[in-house]
K.L.:
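Structure provided below as C-alpha cells; questions to follow.
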Number of protein chains: 2
Amino acid sequence: MGNIEDSEVELRLGRFKGAAKQAGVKLTHQRLEVFRELASSLDHPDAETLLHGVQARLPTVSLDTVYRTLWMLNNLGLICTLGPRRDSVRFDANVAPHHHYVCVACGLVRDFESADFNAVPMPSRVEGFGSVVASHVEIRGICDECAAQQP
Amino acid sequence: MGNIEDSEVELRLGRFKGAAKQAGVKLTHQRLEVFRELASSLDHPDAETLLHGVQARLPTVSLDTVYRTLWMLNNLGLICTLGPRRDSVRFDANVAPHHHYVCVACGLVRDFESADFNAVPMPSRVEGFGSVVASHVEIRGICDECAAQQP
DNA sequence: TTAGGTGCAAATTCTTTGCACCCTG
DNA sequence: CAGGGTGCAAAGAATTTGCACCTAA
C-alpha cells in the first residue's frame, strides 16, 4: 500500500536503534526488517501482512518472530496497536499524535492529523477514571474503494 | 460491574423488539437475555462475560448463541463493537454518541460524553478517504484501580 | 406447521510457547 | 563466548460452522 518517505523511515530506524541499545535488546536482521516494513507502510498492517513484506528480503523469518518483535517494539513505545473491527490486531509505527479513519467494510486504516481535535480539553469526567496515556479519534466509515464496489 | 437504570434498559429492549419484528428475526429467550445482559451493563463485556451473566437466568445457553446473537444485534444497528487492546472484541449497547476511556492494563472501558469533542468539525482530509458513519474519541490510560495495585 | 434458531462438538483462525540451535554484542 | 533471539512445530485461545433437534410465529 502507500509508502512513507525514506527520510522519515530512516529517522524512525534511528530511533529504534537508539532505543534498542538503551534497552539492551539485540538488533537482529529480523527485528530491523520487521520494523522497517512497518515504519514504511502508510496503512496499518497486521502481523501476517508484515511477514509477507519482510519475507521478500529475509525469506526465512517466521510469523512468531514477527509477533515477538511487534510486542517488543510496542513495549519500547516505538509502535502502537490499534483495535480491529472483528479481525486481528493491527500495528502502527507512527507515534506522533494523530487520528484514524477506519473502513468498516475492508478494514483499511488511514492516519490524519487534526489540530482541532488535539485542542479539545480532556473532559473532567475522565479524571475520575484514572490517568491518561494517550488519546485519539477514531472515525468509522466506508472508504471510496468499498463504496465503488457496492452501489 | 456497574449497571444501567431499569428505565433505560426497558427502553433499549423495546427498541430491540421493534427492530426484530421489522427485520423478521425471532425473539427467542436467548436473544432477549443476551441483549438484556448487554443493555444493562455499564462496562463493555466480551462474549464470554455475557455468557456467564446470561447463564444465571438461562443455564443452557451456549457461547456460540451469544456470538450469533451479538453479530445479529450488530447488523441491526442495536449495538456496536469496540476494538481490543490485545484481547477479544467487546460489545456496547449504547448507540448514543459517546466516547471511551480504556485502561491499557486491565481492559476496563468506561463511557463518557463530551460536547466539545462532538462539536469539532470533520477534518477535510477525511473527506478524501470515504464516507463517515461514526466517530468517537478513545482515551487510553491506567485506571485508578490498576494504578493502586502497581505503585 | 415450519423456517429460523439453538446446542453440541468439531473445525478454523489467530497468536503464543517450548526447545534446540544460532548470532549479536 | 554467553545469553538473548530465532525457527519450527505444537499448544492455546477465541470464534465460527455443520448438523440434528427445538420453538416462536
Side-chain angles (χ1 to χ4, degrees), chain A residues 13 16-38 44-52 54-76 78-79 81-91 107, chain B residues 13 16-38 44-52 54-76 78-79 81-91 107:
Chain A
L13 273 166
F16 172 33
K17 289 172 186 168
K21 178 168 291 185
Q22 190 168 353
V25 306
K26 291 180 180 170
L27 281 174
T28 62
H29 297 306
Q30 291 87 334
R31 288 177 172 178
L32 248 1
E33 292 306 327
V34 170
F35 185 72
R36 183 196 304 282
E37 187 69 26
L38 181 59
H44 298 289
D46 59 16
E48 195 110 25
T49 305
L50 287 168
L51 175 70
H52 289 137
V54 172
Q55 280 181 327
R57 275 161 280 138
L58 287 180
T60 67
V61 279
S62 59
L63 186 55
D64 55 17
T65 294
V66 174
Y67 277 111
R68 283 187 281 223
T69 301
L70 289 169
W71 293 123
M72 184 269 292
L73 291 167
N74 187 53
N75 289 341
L76 257 44
L78 293 163
I79 68 172
T81 65
L82 54 99
R85 22 261 70 272
R86 192 188 172 160
D87 40 26
S88 51
V89 186
R90 282 146 163 277
F91 299 89
Chain B
L13 274 166
F16 172 32
K17 289 173 186 168
K21 179 168 293 185
Q22 190 169 353
V25 306
K26 291 181 181 172
L27 281 173
T28 61
H29 296 307
Q30 289 89 334
R31 289 177 171 178
L32 249 359
E33 292 307 327
V34 169
F35 184 72
R36 182 197 305 283
E37 188 68 24
L38 181 58
H44 299 288
D46 60 15
E48 195 110 26
T49 306
L50 286 168
L51 176 70
H52 289 138
V54 171
Q55 280 180 329
R57 276 161 279 137
L58 287 179
T60 68
V61 280
S62 60
L63 187 56
D64 54 18
T65 294
V66 174
Y67 276 112
R68 284 187 282 222
T69 300
L70 290 168
W71 293 123
M72 184 268 294
L73 291 167
N74 188 52
N75 289 341
L76 259 41
L78 292 162
I79 68 173
T81 64
L82 55 100
R85 21 262 69 271
R86 196 190 168 157
D87 42 25
S88 52
V89 186
R90 283 147 164 275
F91 299 89

K.L.:
Take B/Arg57 and B/His29 through the side-chain contact (heavy atoms from CB on, under 4.5 Å) test and state the conclusion after the steps.
P.N.:
CA-CA 10 Å; B/Arg57 276 161 279 137; B/His29 296 307; over 6 Å; no
K.L.:
Could you state the OH-P distance from B/Tyr67 to C/dC8, rounded to the nearest angstrom?
P.N.:
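Answer to the nearest Å: 16 Å.
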K.L.:
What distance separates B/Leu70 CG from B/Phe35 CZ, expressed to the nearest 0.5 Å?
P.N.:
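Result: 10.5 Å between the selected atoms.
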K.L.:
Separation of B/Leu51 atom CG from D/dA13 atom P, in whole Å?
P.N.:
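The answer, rounded to whole Å, is 17 Å.
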K.L.:
Can a donor-acceptor pair under 3.5 Å be found between the side-chain atoms of B/Arg68 and the base atoms of C/dG4?
P.N.:
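By the distance-only test, no, there is no pair.
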K.L.:
What's the spacing between A/Leu51 CG and A/Asp46 CG if we round to 0.5 Å?
P.N.:
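Spacing of CG (A/Leu51) from CG (A/Asp46) equals 10.0 Å.
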K.L.:
Given atom NZ of A/Lys17 and atom C1' of C/dG25, what is their separation to the nearest angstrom?
P.N.:
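Computing the A/Lys17:NZ to C/dG25:C1' distance gives 15 Å.
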K.L.:
Out of B/Val34, B/Leu38, B/Thr69, which one pairs with B/Ile79 under the side-chain contact (heavy atoms from CB on, under 4.5 Å) rule?
P.N.:
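Testing each of B/Val34, B/Leu38, B/Thr69 against B/Ile79, the sole residue satisfying side-chain contact (heavy atoms from CB on, under 4.5 Å) is B/Leu38.
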K.L.:
Mind calculating the distance between CZ (A/Phe16) and C1' (C/dT24) to the nearest angstrom?
P.N.:
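Spelled out: CZ on A/Phe16 to C1' on C/dT24 is 13 Å.
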K.L.:
Nearest 0.5 Å, please: how far is CD in A/Glu48 from NE2 in A/His52?
P.N.:
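Result: 5.5 Å between the selected atoms.
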K.L.:
Could you state the atom-to-atom distance from CG of B/Leu58 to P of C/dT6 in whole Å?
P.N.:
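Taking atom P of C/dT6 as the reference, CG of B/Leu58 is at 10 Å.
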K.L.:
Would you say the side chain of A/Asp64 and the base of D/dC8 hold a donor-acceptor pair, judged only by whether the two atoms sit under 3.5 Å apart?
P.N.:
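For A/Asp64, whose side chain was compared with the base of D/dC8, there is a donor-acceptor pair (under 3.5 Å).
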K.L.:
Could you state the atom-to-atom distance from CG of B/Asn75 to C1' of D/dT16 in whole Å?
P.N.:
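Distance, rounded to whole Å: 15 Å.
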K.L.:
Rounded to whole Å, how long is the line connecting atom CG of B/Leu63 with atom P of D/dA14?
P.N.:
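Rounded to the whole Å, the gap is 10 Å.
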K.L.:
D/dT16, OP1 or OP2 - any side-chain N/O from B/Trp71 closer than 4.0 Å?
P.N.:
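Yes, because at least one side-chain N or O of B/Trp71 sits under 4.0 Å from OP1 or OP2 of D/dT16.
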K.L.:
A/Asn74 CG to C/dT16 P: how many Å, rounded?
P.N.:
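Spelled out: CG on A/Asn74 to P on C/dT16 is 11 Å.
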K.L.:
Using side-chain contact (heavy atoms from CB on, under 4.5 Å), reason through B/Arg36 and B/Phe16 one step at a time and then give a plain yes or no.
P.N.:
CA-CA 10 Å; B/Arg36 182 197 305 283; B/Phe16 172 32; over 6 Å; no
K.L.:
Is any side-chain N or O of A/Ser62 closer than 4.0 Å to OP1 or OP2 of D/dC8?
P.N.:
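False: A/Ser62 side-chain N/O out of range (4.0 Å or more) of D/dC8 OP1/OP2.
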K.L.:
If you measure from NZ on B/Lys17 to CG on B/Leu32, what distance do you get to the nearest 0.5 Å?
P.N.:
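Going from NZ on B/Lys17 over to CG on B/Leu32, the span is 5.5 Å.
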K.L.:
Taking only heavy atoms on the protein side, list every residue of residues 20-32 of chain B lying under 4.0 Å from any atom of DNA chain D, sorted numerically.
P.N.:
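Of all residues in residues 20-32 of chain B, the ones placing a heavy atom under 4.0 Å from DNA chain D are B/Lys26, B/Leu27, B/His29.
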